[in-house]
Amino acid sequence: MVMVISIANQKGGVGKTTTAVNLSASIAVSERKTLIIDMDSQCNTTSGFGIPYNNVTDHIYHVLIGEKTMGDVIRKTAIPYLDIIPSHPDLIGAEIELLDTNEREYALKKAMEELGDTYAYIFIDCPPSLGLLTINSLAASDRVIIPLQCEYFALEGLAMLLRTISIIQRKLNPGLEVMGILLTMFDRRNNLSFRVWEEVTKCFNDTVFTTVIPRNVKLSESPSHGKPALLYDISSRGAESYLRLASEILEKRSEA
């Protein structure tokens with residue numbers, strides 16, 4: 001049975017897209033059929049798989065406004081078992097075009113119904129905002145992963161996101177659960193990283209993933225080559241961390 005997981009944080013620069021790209025790739029190499037949906041009009045997940053958005057003619061925007069089906073826009077990636085639905089800057093217009101439609105919060109969920117159990121995992125890279133595209137993503141999801149940069153201001157944004165998730169649970173999707181908070185850009189040379197880790201672990205306990213994503217140059221370089229880190233340098237600490245995160249998620253689902 002498919003599990004739909006949103007990667008969400010309204011704050012930019014926290015490692016959200018890095019997590020969406022590398023986690024979906026790491027799950028796929030375990031031979032679970034996986035789909036990544038890029039719901040961010042910045043298209044960074046799309047380009048992270050080596051797909052220039054200006055070469056994309058059919059994308060998630062067309063699905064949301066009803067011009068295409070999911071099947072029309074799905075593309076293969078370089079990784080077996082991993083497909084992608086790309087984004088495009090036009091997606092920003094969907095926020096406005098959906099305003100006049102009935103049940104606009106469920107546009108993505110309805111479109112995904114045609115996929116059935118084709119995939120074991122569907123990941124959604126949400127935009128760095130709490131607008132209608134993020135609401136659509138959370139309304140269509142079973143779980144949400146919250147990447148959290150190991151810096152002080154990230155904690156303030158976390159409280160706001162948790163309030164939004166609580167509202168989504170009450171009004172749109174009672175089945176939505178927080179799968180975990182993922183600490184990213186952890187720097188062992190920086191005491192602040194340890195203080196943020198201690199504070200988040202104390203407050204959220206078992207909700208925090210055991211895996212911590214380090215600040216790593218290979219994770220930063222790999223998008224410029226259009227590859228997930230495991231294709232760019234599988235021996236890097238960044239690639240190894242996301243493979244450990246994938247194992248942790250499979251264990252949470254009792255699949256390991």
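The figures here come from the full heavy-atom set of this structure, side chains too, leaving out hydrogens, waters and symmetry mates. Only a predicted model underlies this, so the values are computations on that prediction, with no experimental measurement involved.
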Worksheet item: Applying the 4.5 Å side-chain criterion to the ILVMFWY set and letting contacts propagate, would Ile234 and Leu245 be lumped into a single cluster?
Response: yes
Practice prompt. Please lay out, stage by stage, how Ser193 and Asp187 fare under the test side-chain hydrogen bond (donor to acceptor under 3.5 Å, both in side chains).
Written response: CA-CA 6 Å; Ser193 286; Asp187 188 344; 5.9 Å; no
Practice prompt. Please answer: with hydrophobic residues joined when any side-chain heavy atoms are less than 4.5 Å apart, are Val200 and Met185 in the same cluster?
Written response: no
Worksheet item: Looking at side-chain heavy atoms only, is the closest gap between Tyr232 and Leu219 below 4.5 Å?
Response: no
Worksheet entry | From OG (Ser247) to CZ (Arg244), nearest 0.5 Å | 9.5 Å
Discussion item. So Ile79 and Leu230, do their side chains get closer than 4.5 Å, heavy atoms only?
Written reply: yes
Worksheet item: Which value, rounded to the nearest 0.5 Å, describes the distance between Thr69 atom OG1 and Glu113 atom CD?
Response: 13.5 Å
Discussion item. Please check: side-chain N/O of Ser236 versus main-chain N/O of Ala239, any donor-acceptor pairing under 3.5 Å?
Written reply: yes
Item to complete: I would like to know whether Thr17 and Asp125 meet side-chain hydrogen bond (donor to acceptor under 3.5 Å, both in side chains); could you show each step before the answer?
Response: CA-CA 6 Å; Thr17 296; Asp125 183 20; 3.0 Å; yes
Discussion item. Could you check whether any side-chain heavy atom of Leu182 comes within less than 4.5 Å of a side-chain heavy atom of Leu148, counting everything from C-beta outward?
Written reply: no
Item to complete: State the NZ-CD1 distance between Lys76 and Ile84, to the nearest 0.5 angstrom.
Response: 13.0 Å
Worksheet item: Would you say Ile181 and Phe209 make side-chain contact, with heavy atoms under 4.5 Å?
Response: no
Worksheet item: Quick check: does any side chain N or O of Ser137 sit under 3.5 Å from a backbone N or O of Ser6, one acting as donor and the other as acceptor?
Response: no
Worksheet item: How long is the gap from CG on Leu250 to CD1 on Ile27, to the nearest 0.5 Å?
Response: 4.0 Å
Discussion item. Just so I know, are the side chains of Val21 and Tyr242 near enough to count as touching, which here means a heavy-atom distance under 4.5 Å?
Written reply: no
Discussion item. Connecting only ILVMFWY residues whose side-chain heavy atoms lie within less than 4.5 Å of each other, what is the rest of Met39's hydrophobic cluster?
Written reply: Val2, Val4, Leu35, Ile37, Ile60, Tyr61, Val63, Leu64, Ile65, Met70, Val73, Ile74, Ile85, Leu91, Leu108, Met112, Leu115, Tyr119, Ile122, Ile124, Leu133
Worksheet item: Roughly how far, to the nearest 0.5 Å, is CG of Asp117 from NZ of Lys33?
Response: 13.0 Å
Fill in: Gln149 versus Val196, closest heavy-atom pair with distance
O-CG1, 4.4 Å
Fill in: Note: Glu105-Lys171 ion pair, threshold 4.0 Å (strictly below)
no
Practice prompt. May I ask you to decide whether Arg75 forms a salt bridge with Asp58, counting only side-chain N to carboxylate O separations under 4.0 Å?
Written response: no
Worksheet item: Between Thr101 and Glu97, is there a donor-acceptor pair closer than 3.5 Å when you use the side chain of the first and the backbone of the second?
Response: no
Item to complete: Using modelled atom types only, decide if a donor and an acceptor are shared between the side chain of Asn173 and the backbone of Ser141 within a distance under 3.5 Å.
Response: yes
Discussion item. Show, in sequence, the C-alpha distance, side-chain angles and deciding distance for Ser166 and Arg170, and conclude whether the side-chain hydrogen bond (donor to acceptor under 3.5 Å, both in side chains) test is met.
Written reply: CA-CA 6 Å; Ser166 177; Arg170 288 200 312 273; 3.2 Å; yes
Discussion item. On a heavy-atom basis, which atom in Asp90 and which in His59 lie closest, and how many Å separate them?
Written reply: CB-CE1, 4.2 Å
Practice prompt. Write down the atom of Ala28, the atom of Leu82, and the distance for their closest heavy-atom approach.
Written response: CB-CB, 3.6 Å
Worksheet item: Does one hydrophobic cluster hold both Val208 and Phe186, with members joined at side-chain heavy-atom distances below 4.5 Å?
Response: yes
Worksheet item: Any donor-acceptor pair under 3.5 Å linking the side chain of Asp142 with the backbone of Ile5?
Response: no
Worksheet entry | Residue pair Asp40 / Ser87, side-chain donor-acceptor N/O under 3.5 Å | no
Worksheet, complete the sentence: Nearest heavy-atom approach of Ala8 to Leu161 is O-CD2, 3.5 Å
Fill in: Face-on cation placement of Arg188 at Phe194 ring, 6.0 Å and 45° thresholds
no
Discussion item. Please tell me whether Ile146 and Trp197 are part of a single hydrophobic cluster in this structure, the criterion being side-chain heavy atoms less than 4.5 Å apart.
Written reply: yes
Worksheet item: Tell me, do Thr77 and Ile51 make a side-chain contact under 4.5 Å, heavy atoms counted?
Response: no
Worksheet item: Around Leu99, counting heavy atoms of other residues, nucleotides and ligands shown, do more than 12 lie under 6.0 Å from its CG?
Response: yes
Worksheet item: Can you tell me how far CE of Met160 sits from NZ of Lys11, rounded to the nearest 0.5 angstrom?
Response: 11.5 Å
Discussion item. If you count every heavy atom of other residues, nucleotides or ligands that lies below 6.0 Å from Lys227 atom NZ, does the total exceed 12?
Written reply: no
Worksheet item: Going by heavy atoms in the side chains, are Leu176 and Arg143 under 4.5 Å from each other?
Response: no
Practice prompt. Could I get the full list of ring-ring contact (aromatic ring centres under 6.0 Å, His included) partners for Tyr81, not counting sequence neighbours?
Written response: none
Worksheet item: Which heavy atom of Ala246 sits nearest a heavy atom of Ser26, and at what distance?
Response: CB-CB, 3.7 Å
Worksheet item: Any side-chain heavy atom of Asp72 within less than 4.5 Å of one from His62?
Response: no
Fill in: Any donor-acceptor N/O pair, Thr18 side chain to Lys16 backbone, under 3.5 Å
no
Worksheet item: Which pair of heavy atoms, one from Ala139 and one from Ile168, lies closest together, and at what distance?
Response: N-CG2, 4.4 Å
Discussion item. Strictly distance-based, threshold 3.5 Å: is any side-chain N or O of Thr184 a donor or acceptor partner for the main-chain N or O of Val14?
Written reply: yes
Discussion item. Starting from Leu130, can I reach Leu158 by hopping between I/L/V/M/F/W/Y residues whose side chains sit under 4.5 Å apart?
Written reply: yes
Practice prompt. State whether the side chain of Arg253 and the backbone N or O of Glu251 hold a donor-acceptor pair below 3.5 Å, judged by distance alone.
Written response: no
